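This report concerns only the one structure given below.
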Amino acid sequence: MDYKALAELLFPDIIKTTDYYESIYPERNLPEGAKVTRFAPSPTGFVHFGSLFPVLVGERLARQSGGVFYLRIEDTDSKREVKGAEQDIINCYKYFGITFDEGITAGGAYAPYRQSERKEIYQTYAKKMVAEGKAYPCFCTPEELEEIRARQEAEKVTPGYYGKYVKCRDLDLDTVKDKLEKGIPYTIRYRCTGNANNKIKFTDLIKGTIELTENEIDHIILKSDGTPTYHFAHAVDDHLMRTTHVIRGEEWLPSLPYHIQLFSALGFKMPKYMHIAQLMRLEGNAKKKLSKRDKGASLSYYIQEGYAAESVLEYVMTLLNSNFEDWRRANPNEDLNKFPFSIKKMSPSGSLFDLVKLNDVSKNVVSRMSAEEVYNKLTVWAEKHDPEFYTILMRDPEYAKAILSIGRGGKNPRKDFAVWSEVKNYIGFFYNEYFKITDSIQGDFDKKDIIACIDGFLETYDSNDDQTAWFDKIRKVAEDNGFCPSVKDYKDNPTGYKGHVGDVSMFLRIAVTGKLNSPDLYQVMQVLGAEETKRRLFSFKNNI
RNA sequence: GGCCCGUUGGUCAAGAGGUUAAGACACCGCCCUUUCACGGCGGAAACAGGAGUUCGAUUCUCCUACGGGUCACCA
């Protein structure tokens, strides 16, 4: 069989050689140990939360080693393509602070980074394989393939195009020419020399040494429209773009034996592989893959809810590297990127997504931010997702920041909210648009006493008092009205009083904030201002 | 079904042939406290099961169970 002639017959328009591509995409000139990683999504219009895992691993590994992290779009399946998806991907990751050194927007020396624009490259390599007898055209129709599958199912053997089930492996040149002339669609298949009875050993950087069954199937490398399948594109691109570490989901593990053959058939050096376990969620008692339909499966969900990018990154990092939380405790204010990310600390098994933990992590992250920082991020979020609140926040930035400063800073900051969408609930009462008495006084108190307490407070309230003086006055008001000035004393003798100073505080709190619970009332009044504080107190006692 | 991967408290997880088997989240109790948070202290809670190797196994080996992945002209 004249394979060279066959190659010319199939690819008459391909005139460049693989040597040409090898020379224009040379080995990268990087320092020793620098890692080249990539993120290679398909533009299907959905950015999965789980994709953050390989992305973050790739980004950290590359940046930590002085290497390159690039974005490659795998758009070889036009049927599944969604327009605008590319931009979604970029925007989504941008929000989380993930940037790419090279890719469809940044460009780079290994362009194009969109697989649909690399057709000629794939065909050049496919042509070479045909010329070397390592690939061949297959004219089988979908019906024929279905027939084969049915037969294999009946015979209870592994399905696939291999062994005695192969039809087109050794067609002679004239037959091929004839079919080509008739315009019969065809694919290019890899001529596999493997045997499923053989085992191969492989070392994955996360999973360790694993034993796999050799591939024996003549997989398709080029589809009938001339575009490559994932496997072939993976081999060609990751070789030509000089990827050193392939980081992907563990769903690729079963096709690894085939990839190994492909790299070898093409004469490529194998990259290192890291297969990351899937993120699960709990359904009843079963772990399920976090799927498209699940709330929270999409990265955009977190943007909408108003999770700070740092929060999500921090949470993902706790799942990725088991010692991250220890590091964080030792370095509470350090930049996340300073954490020495290590492959060795990655777990080989899949973890369960835990929203509660995410929220806890997020509360911690937000509590470490300055009021200024919170204000900035909050307004960016609100502008898009709560325009009314945004306008209100923008009206008086200094006031908003003063509100956000309450309980912030110091050793033990408040941890009130995990997401920006919660903030309005916490601080809304500072704005008259949102201020409303929603809670009612707890306990059995005489209306007259409540009014008397509020009046008593109003008489002596001075916004220039410090917190101690302020509270002493409340104690005094309590005492004057038959309430115990000390909660402890009250508990010893509950029948001797109408209530205690805490109850008086509750009256004031509800009058001023509308709620039973609030941040420190003294500071609330300070921020609110004497005038508004008094106005609310008057209004409350008059309407009680 | 074949092949592959995995299995330490409810969750994330550390760990080593001999440990009182860390820590975090959640939960419960107590303390602090004018509320809520914060913080502090304490509690309950785990090596999937069965063989084998070994003086000794949760750690090594095998089997079983369970969970997951994959078997496309999708990635």
Side-chain angles (χ1 to χ4, degrees), chain A residues 40-44 74-77 79-80 115 138 140 142 145 149 153 156-161 185-189 196 199 204 207-208 210-213 217 219-231 233-234 248-257 275 277-278 280 282 285-289 315 318-319 322-326 328-329 345 347-361 363 367 407 410-417 426 439 442 471 474-475 478 485-487 500-506 508-510 513 515-522:
Chain A
S42 295
T44 55
E74 311 227 320
D75 56 348
T76 55
D77 186 13
K79 292 185 292 292
R80 294 207 313 159
Q115 289 185 330
C138 171
C140 286
L145 295 174
R149 197 192 333 273
E153 225 160 273
K156 290 194 166 46
V157 297
T158 311
Y161 205 78
Y186 66 95
T187 59
I188 303 292
R189 282 183 188 273
K199 296 281 182 195
D204 178 273
K207 304 229 172 231
I210 50 184
E211 201 172 64
L212 297 160
T213 308
I217 293 171
H219 285 294
I220 289 169
I221 61 174
L222 244 41
K223 298 183 258 185
S224 55
D225 64 358
T227 60
T229 53
Y230 167 84
H231 313 282
H234 155 52
R248 41 144 69 155
E250 68 178 351
E251 70 269 22
W252 292 108
L253 220 40
S255 51
L256 190 63
H275 288 92
Q278 300 277 331
M280 303 294 182
L282 208 57
N285 287 325
K287 281 186 178 182
K288 293 277 180 246
K289 197 170 155 179
Y315 171 65
T318 64
L319 294 184
S322 50
N323 57 331
F324 175 75
E325 286 185 279
D326 292 335
R328 175 51 82 200
R329 261 191 295 282
K345 286 291 181 182
S347 166
S349 59
S351 45
L352 215 52
F353 179 72
D354 187 350
L355 193 74
V356 177
K357 176 89 180 186
L358 200 211
N359 285 336
D360 176 73
V361 168
K363 281 181 179 175
S367 78
K411 259 253 175 272
N412 301 319
R414 297 183 65 88
K415 297 175 182 175
D416 287 323
F417 36 80
Y426 279 94
D439 289 347
Q442 298 292 297
F471 195 62
I474 296 178
R475 279 209 162 94
S486 149
V487 180
H500 56 78
V501 65
D503 295 321
V504 178
S505 298
M506 169 177 63
L508 300 174
R509 173 169 289 109
I510 290 190
T513 70
K515 297 193 287 191
L516 233 22
N517 304 326
S518 79
D520 185 81
L521 192 57
Y522 171 75

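In this text, all values refer to a predicted model and were calculated from it rather than measured experimentally. So that the names make sense, note that chain A is the first sequence line, chain B the second, and so on, each numbered from 1.
- Rounded to whole angstrom, the span from the CG atom of A:Leu521 across to the P atom of B:U33 amounts to 18 Å.
- Both distances falling under 3.5 Å, in either a Watson-Crick or a G-U wobble arrangement, place B:C66 opposite B:G6.
- Using atom P as the reference point in both B:C41 and B:A24, the two lie 10 Å apart (nearest Å).
- Using a 4.5 Å heavy-atom cutoff, the side chains of A:Tyr186 and A:Ser224 are not in contact.
- Look at B:A44: it lacks any Watson-Crick or wobble partner with both distances under 3.5 angstrom.
- Computed from coordinates, the A:Asn323 CG to B:A24 P distance equals 16 Å when rounded to whole Å.
- Closest to the side chain of A:Asp520, from the set B:C38, B:U34, B:A75, is B:U34.
- Taking the C1' atom of each, B:U53 and B:G15 are spaced 22 Å apart, rounded to whole Å.
- Out of B:C73, B:A37, B:A13, the shortest distance to the side chain of A:Thr187 is found at B:C73.
- B:C62 and B:C5 have their P atoms separated by 11 Å, given to the nearest Å.
- Between A:Lys79 atom NZ and B:A75 atom C1' there is a gap of 12 Å when expressed in whole angstrom units.
- For B:U58, there is no paired nucleotide, since no Watson-Crick or G-U wobble pair has both relevant distances below 3.5 Å.
- For B:C12, the paired base is B:G23 (Watson-Crick or G-U wobble, both distances below 3.5 Å).
- For A:Arg149 and B:A72, the shortest distance from a side-chain N or O to OP1 or OP2 is below 4.0 Å.
- Residue A:Arg475 places its side chain closer to B:U34 than to any other of B:U11, B:C73, B:U34.
- Side-chain contact check for A:Leu516 versus A:Ile510: some heavy-atom pair is nearer than 4.5 Å.
- The side chain of A:Asp360 lies closest to B:A26 when the candidates are B:A26, B:U11, B:A37.
- Atom CG of residue A:Leu319 and atom CD of residue A:Glu325 lie 8.5 Å apart, to the nearest 0.5 angstrom.
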Apply salt bridge (charged side-chain N to carboxylate O under 4.0 Å, His left out) to residues A:Arg329 and A:Asp326 and explain how you reach the verdict. CA-CA 5 Å; A:Arg329 261 191 295 282; A:Asp326 292 335; 2.9 Å; yes
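- The shortest side-chain heavy-atom distance between A:Thr227 and A:Leu222 does not fall under the 4.5 Å cut-off.
- A:Lys345 comes within 4.0 angstrom of sugar-phosphate atoms only, judged by non-hydrogen atoms across all strands, and of no base.
- Between the NE2 atom of A:His234 and the P atom of B:C74 there is a distance of 17 Å, given to the nearest Å.
- Residue-to-nucleotide proximity on RNA chain B shows that, of A:His219 and A:His500, the 5′-proximal contact is made by A:His500.
- When each of B:U34, B:C73, B:A13 is scored by its nearest atom to the side-chain atoms of A:Ser322, the top-ranked nucleotide is B:A13.
- Note on A:Leu319: only backbone sugar-phosphate atoms sit closer than 4.0 angstrom, heavy atoms only; bases stay farther off.
- For B:A45 and B:C38, the P atoms lie 25 Å apart once the distance is rounded to whole Å.
- Rounded to a whole angstrom, the distance from the P atom of B:U8 to that of B:U59 is 13 Å.
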Restricting both atoms to N or O, compile the protein contacts to nucleotides 3-6 of chain B shorter than 3.5 Å, with distance only.
unit_1: B:C3; atom_1: O3'; unit_2: A:Thr213; atom_2: OG1; d: 3.2
unit_1: B:C3; atom_1: O2'; unit_2: A:Thr213; atom_2: OG1; d: 3.2
unit_1: B:C4; atom_1: OP1; unit_2: A:Lys199; atom_2: NZ; d: 2.9
unit_1: B:C4; atom_1: O3'; unit_2: A:Glu211; atom_2: O; d: 3.3
unit_1: B:C5; atom_1: O2'; unit_2: A:Lys207; atom_2: NZ; d: 2.9

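- The separation of B:C32 from B:G40, taken at their P atoms, amounts to 16 Å, rounded to a whole angstrom.
- Picking from B:C73, B:U11, B:A72 the nucleotide with the shortest atom distance to the side chain of A:Asp354 gives B:U11.
- Judged purely by distance below 3.5 Å, without hydrogens or angles, the side chains of A:Glu250 and A:Gln278 never pair a donor atom with an acceptor atom.
- Two residues are said to be in side-chain contact when any heavy atoms from C-beta on lie closer than 4.5 Å; A:Arg414 and A:Asp520 fail this criterion.
- Looking at the side chain of A:Glu325, the nearest of the listed nucleotides B:G39, B:U34, B:A24 is B:A24.
- Side-chain N/O atoms of A:Lys199 and A:Thr213 include a donor and acceptor closer than 3.5 Å.
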Look for any protein N or O under 3.5 Å of an N or O in nucleotides 43-47 of chain B and output each such pair with its distance, or none.
none

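- OP1 or OP2 of B:C74 has at least one side-chain nitrogen or oxygen of A:Lys223 nearer than 4.0 Å.
- For the pair A:Met506 CE and B:U33 C1', the computed distance is 16 Å after rounding to whole Å.
- B:C47 and B:C31: their C1' atoms are spaced 34 Å apart (whole Å).
- Contact annotation for A:Lys411: no contact, since no heavy-atom pair falls under 4.0 Å across all strands.
- Across B:U34, B:C73, B:C38, the shortest atom-to-atom separation from the side chain of A:Lys415 is found for B:C38.
- Using a 4.0 Å heavy-atom distance criterion, A:Arg328 is classed as making no nucleic acid contact.
- A:Arg189 and A:His219 are not linked by any side-chain donor-acceptor pair at a separation below 3.5 angstrom, with hydrogens and angles left out of the test.
- Not a single donor-acceptor pair, N or O on each side, falls under 3.5 Å between the base of B:C12 and the side chain of A:Thr318.
- Taking atom CZ of residue A:Phe353 and atom P of nucleotide B:C25, one finds them 17 Å apart after rounding to whole Å.
- Across the strands present, B:C71 finds its partner in B:G1; the criterion is a Watson-Crick or G-U wobble pair with both atom distances under 3.5 angstrom.
- A distance of 5.5 Å separates CZ of A:Arg80 from OG1 of A:Thr44, quoted to the nearest 0.5 Å.
- No close placement of the A:Tyr315 and A:Phe324 rings is indicated, their centers lying 6.0 Å or farther apart.
- Note: A:Trp252 and A:Tyr230 have parallel aromatic rings, judged against thresholds of 30 and 60 degrees for the angle between ring planes.
- When the C1' atom of B:G40 is taken as reference, atom CG of A:Asn412 falls 9 Å away, rounded to whole Å.
- Of the possible donor and acceptor atoms, one in the side chain of A:Ser42 sits under 3.5 Å from a partner among the backbone N and O of A:Glu74.
- With a cut-off of 3.5 Å on both pairing distances, B:U35 has no Watson-Crick or G-U wobble partner at all.
- Not one side-chain nitrogen or oxygen of A:Ser351 sits closer than 4.0 Å to the OP1 or OP2 atom of B:U11.
- Looking at heavy-atom distances under 4.0 Å, A:Thr76 makes contact with sugar-phosphate atoms alone, never a base.
- When the P atom is compared between B:A57 and B:G69, the two are found 36 Å apart, to the nearest whole Å.
- Place A:Gln278 and A:Phe471 on RNA chain B by their nearest nucleotides, and A:Phe471 ends up nearer the 5' end.
- Among B:U34, B:A24, B:G23, the nucleotide with an atom closest to any side-chain atom of A:Lys357 is B:A24.
- As a whole-Å value, the separation of A:Lys363 NZ from B:C36 P is 15 Å.
- No donor-acceptor contact under 3.5 Å links the side chain of A:Arg509 to the base of B:C36.
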